[in-house]
Amino acid sequence: MTIEACMGAERAVPARAGFRASPDGLAAALFAALGAVALWLAFGHALGTAARMGPGFFPAAVAGLLVLASALVAAGAWVGPAEPVERGRLRPLASVLGAVLAFGLAIDRLGFLLSAALLFLIAGQAVPGTRLRATLALAAGVGGLTWLVFVKLLGIPLPTWPR
Amino acid sequence: MDLLANLDLGLAVAVSPQNLMWCLVGCLLGTLIGVLPGVGPVATIAMLLPVTFHLTPVSALIMLAGIYYGAQYGGSTTAILMRMPGESSSVVTCLDGHAMARKGRAGAALTIAALGSFFAGTVATVLIAVASPLLAALAHQFAAADYFALMLLGLVGAVVLAHGSVPKAIAMVLLGLLLGFVGGDVNSGVQRFTFGIPELQDGIGFVPVAMGLFGLAEIILNLEKGVDVYGAIARIGSLWPTREEARRAVPAVLRGTALGSVLGMLPGGGAILSSFTAYVLEKRLSREPQRFGDGAVEGVAAPEAANNAGAQTSFVPLLTLGIPENPVMALMVGAMMIHGIQPGPEVMTKQPQLFWGLIASMWVGNLMLLVINLPLVGVWVRLLGIPYRLLFPVILLFCAIGAYSVANSGFDVLLTAVFGLLGYALAKLRCEPAPLLLAFVIGPLMEENLRRALLLSRGDPSVFVTRPISLVLLALTAVLLLSVALPGVRRLRETAFAE
Amino acid sequence: MTPTKALGAAVLSALLALSAPAAADTYPSKPIRYVVPFPPGATSDNVSRILAQRLSEITGQPVVVENKPGAGTALGAELVAKAEPDGYTLLNVTNATLAAIPHLVKLSYDPETAFVPLALSGDSYSYIAVNPEVPGKDLKEFIAYAQKNPGKLNFGTAGNGSLGHIYGELLKLRTGIDLVHVPYKGSAAALNDAVTGQVQVVLDPAALPLAKAGKLRALATLNAQRSPALPDLPTIHEAGVPNWNARLWFGVAAPAKTPPEVVAFLNATFNKILAEPETVEKLRALNLEPRRLSVDEIRAVVREDFATFGEIIKAANIKSE
């Protein structure tokens, strides 16, 4: 959807949804904030000179340019046509990210099989009306199969059980 | 003629029943790990190294090489079907490959990727056989200053890659560069942007960034729409390209092969640079660049040809000098050493059956991969008929395993989720992830080579214009920069005045 | 696998872990983790796989090689330093991990007391080599040339704080020549640029095949004895550099509190493996010379190296944060 949407953004009819609500305005704010943080961090390292650059020189230059670029993006948001940011939904976002986070946190402690089950349980929450029994069946079937392929066939040293 | 005699020797080695079998095993495994998102050839080859103790050195290398280039074939599959880059070299395939799939042309995209890869693999293999020493000499013309210029060209190319607003693409490139700085600085050893986290000391891995920005973000967005998104892909469309698609794909494959063969030999960013550059070149040459990102067949054909050609020619530095140019080649060095073969310039003369056998097997392997992959196209497309609510947790699991397997650590899995969030936010803000990812990969190489060039010249910046390669590349960069900047500026002014 | 069964297994394995130290006479009774703090394909990785396979064949338990690269071996080393000291988690080490990294990086464990060494699996031969166009047919002539051209020559290394870096700084200290350090990401890139002449000097084990093929000119072996691969090449002592005491070796270690019976068993088993002709042959193919030392002998070697590396790193002001 990202690419199609970006194309649409360029040709969209001016809707004047206001500066702050537009995707470009928010993007500009995000870039400016990240650039400023990076700039501040970069100044913590030796800058050196252009001929003998220190470790801070390049990051500082890039961070500074990012702040500048965010101004350009903001300018585009100001003069250009704008439309509101498409609304998101919390449920898919939280359950997908939560599932992956849970796997990452659990894998070194609980082992593969339990972590995989956890991932399926949390991911299942993304779609309303998913039945627990179906999720568990999927977790058992796919979890076992992937364990066979990844751990037994490909030999990836995933811990199988808690340790 | 010597060459014919050598190739004859090589083919005789490659088609011995035993070597044919190991080649097939390698190709099958490569296809499998290529299709599974995130699990790369490095981890797989590493795990299979001990198995190769029991094979002859030739069989071992043939199998390991098969895994490597087999993964290049397989990697495009998830990129096209699910917008999930399995390998760094297939990131760019996501753009138009998945757009084609959304239009019901998944089968055609996969078929073109397989045929283009086969053609490129064949050409590159012949090239290695005929001109290895020459190619190596060519790669050796590149010094630090030239690498810097090449990377700079790549960065400007990253802006061209973008579909929408130029300022946003520039900002994404800069953001990618910043992410690339995380970790120890090669020149000074100083830790930058690591926040004291030891896992970040070697930098952020490619797999978490790519799978987060592309894979996870795509899954979340699909779920938000709440429809069975892939049903359409699975139902519609012939598996073969139309005449029109073929007409567009053929020249793109030729150009991609040429570009990939050259760039593939360069250390570090060779593989990813070749596929990106091939894409950018096609977009620049096209009379309808607006089709790119919207399912342009050239945007699949050229990068797929380029990455497979590059995968083959990346063997050149290994075969001619014994110097590995990427982690997979480093593993091949390990495999040779364990068999008591000292990789180096002497392999070609002292172990001709190994050298030529390996080269001949590459062509045999490419043929096998074509035979394996073409029938699989239909299977993959049908696989997407599985209801999405069952499919997506499985994809998530594969992503998590893939991220874990890079460094055998849960940290990279957590990082994948973080980049999933970033990818989701960027998608909502209509910023494209591809320029960020390219800058992330080539940024560190650019800085490293810039500073190395200045260190070697003792601070004299004239090296960048006195070396012919660097000068030409910088001139190209300037031209490309102008061609990107001018229309953008004009458009901004037009809109401003229209107010 | 259902959650209840998994939970049962979890409890079972936790109980097993608790009872392990008491059962030292039955060691090993479960799979052994063999942590390698380097990515696959590195020499450490190759050595580990050779040893792990034999250890597994002898003990009848799987020995799983696990690559944990990162932070200049600190990540993998920390994992083992903090692992249960029951003999089921081993670390492949080099003397860099035990004796050089502690001078360079702030560690979350005490490097001097965290580990007990189990084996010294091989001394590595390293070489100083130059691009063939650099004048001087031996080390003496090269040093004379470098003295006449201070600050003109570059030495390429695998990175800041790498062994090549330490070797190079030691050469500068001992001979008074002035070379410029050019760090790379890994020694392959440095060797490549030495072949093309971007940098003139490398000090690395992997210079061997390039020197044999005439792409580089080897000047000396950086070891106490000559390398069997290049028997005509003088050692750095023979070439006239005094007091050269830096070296590279590979070995195996375990958490310090591992039961003495298990340490003794593993030390004896590894030394048995290191005496087998096939293993010796395999290690020599990796340019390593296996040694068979007792735990105390290895400890002495580590102490010596710790002092040496500390001296060089301090004198040359080598930094890697």
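So that the names make sense, note that chain A is the first sequence line, chain B the second, and so on, each numbered from 1. FYI, side chains are in, hydrogens and waters are out, and symmetry mates aren't considered; it's all heavy atoms of this structure. Please read all numbers here as calculations on a predicted model, not as lab measurements.
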Can you sort out the partners of C/Val64 under side chain to side chain contact (heavy atoms under 4.5 Å, CB included), two or more places apart, ordered by chain and number? A/Pro157
Donor-acceptor pair, side chain of C/Asn160 and main chain of B/Asn187, under 3.5 angstrom: yes
Minimum side-chain heavy-atom gap B/Leu455-C/Pro183 below 4.5 Å: yes
OG1 on C/Thr196 to CG on B/Leu321, rounded to 0.5 Å: 9.5 Å
With a 6.0 Å cut-off (strictly less than), is the heavy-atom count around CD of C/Glu278, excluding the residue itself, greater than 12? yes
Flag yes if more than 12 heavy atoms outside C/Lys185 fall under 6.0 Å of its NZ atom; otherwise flag no. no
Of the listed residues (C/Leu208, C/Leu79, C/Val180), which shares the most heavy-atom pairs with chain B below a 4.5 Å separation? C/Val180
side-chain contact (heavy atoms from CB on, under 4.5 Å) between B/Leu456 and C/Val199, intermediate numbers included: CA-CA 8 Å; B/Leu456 290 170; C/Val199 297; 4.1 Å; yes
Counting only heavy atoms closer than 4.5 Å, note whether C/Gln198 contacts chain B via side chain, backbone, both or neither. both
For the residue pair C/Ala188 and B/Pro324, what are the closest heavy atoms and their distance? CB-O, 3.6 Å
Contact origin within C/Leu191 toward chain B - heavy atom pairs under 4.5 Å: both
Looking only at heavy atoms, what is the nearest atom pair of C/Pro209 and B/Pro343, with distance? CB-O, 3.3 Å
Check whether C/Leu283 gets within reach of chain B through its side chain, its backbone, both or neither, counting any heavy atom under 4.5 Å. neither
Checking heavy atoms, do the side chain of C/Lys106, its backbone, both or neither come under 4.5 Å from chain B? neither
Would you mind reporting whether B/Ser409 and C/Lys68 have side-chain heavy atoms less than 4.5 Å apart? yes
Proximal component of C/Leu107, with respect to chain B [non-hydrogen, under 4.5 Å]: neither
Which atoms of B/Arg458 come close to chain C, meaning under 4.5 Å heavy atom to heavy atom: side chain ones, backbone ones, both, or neither? side chain
Turns out that what part of B/Glu199 lies under 4.5 Å from chain C's heavy atoms comes down to both
Part of C/Val195 within contact of chain B (heavy atom distance under 4.5 Å): side chain
With chain C as the partner, which of B/Pro317, B/Gly184, B/Ala143, B/Gly344 has the greatest number of non-hydrogen pairs under 4.5 Å? B/Ala143
Between chain B and each of C/Ala189, C/Gly151, C/Ser108, count heavy-atom pairs under 4.5 Å; write down the option with the most. C/Gly151
Who pairs with C/Tyr184 by side chain to side chain donor-acceptor pair (under 3.5 Å), at least two apart in sequence or on another chain? C/Asp193
Could you go through B/Ile323 and C/Leu210, starting from their C-alpha distance and side-chain angles, then the distance that decides it, and tell me whether this counts as side-chain contact (heavy atoms from CB on, under 4.5 Å)? CA-CA 9 Å; B/Ile323 294 179; C/Leu210 295 164; 4.1 Å; yes
Could you pull out the closest heavy-atom pair between C/Leu286 and B/Met337, with the gap in Å? CD2-CB, 3.6 Å
Cut-off 4.5 Å, heavy atoms of chain C, and the answer for B/Val186 is both
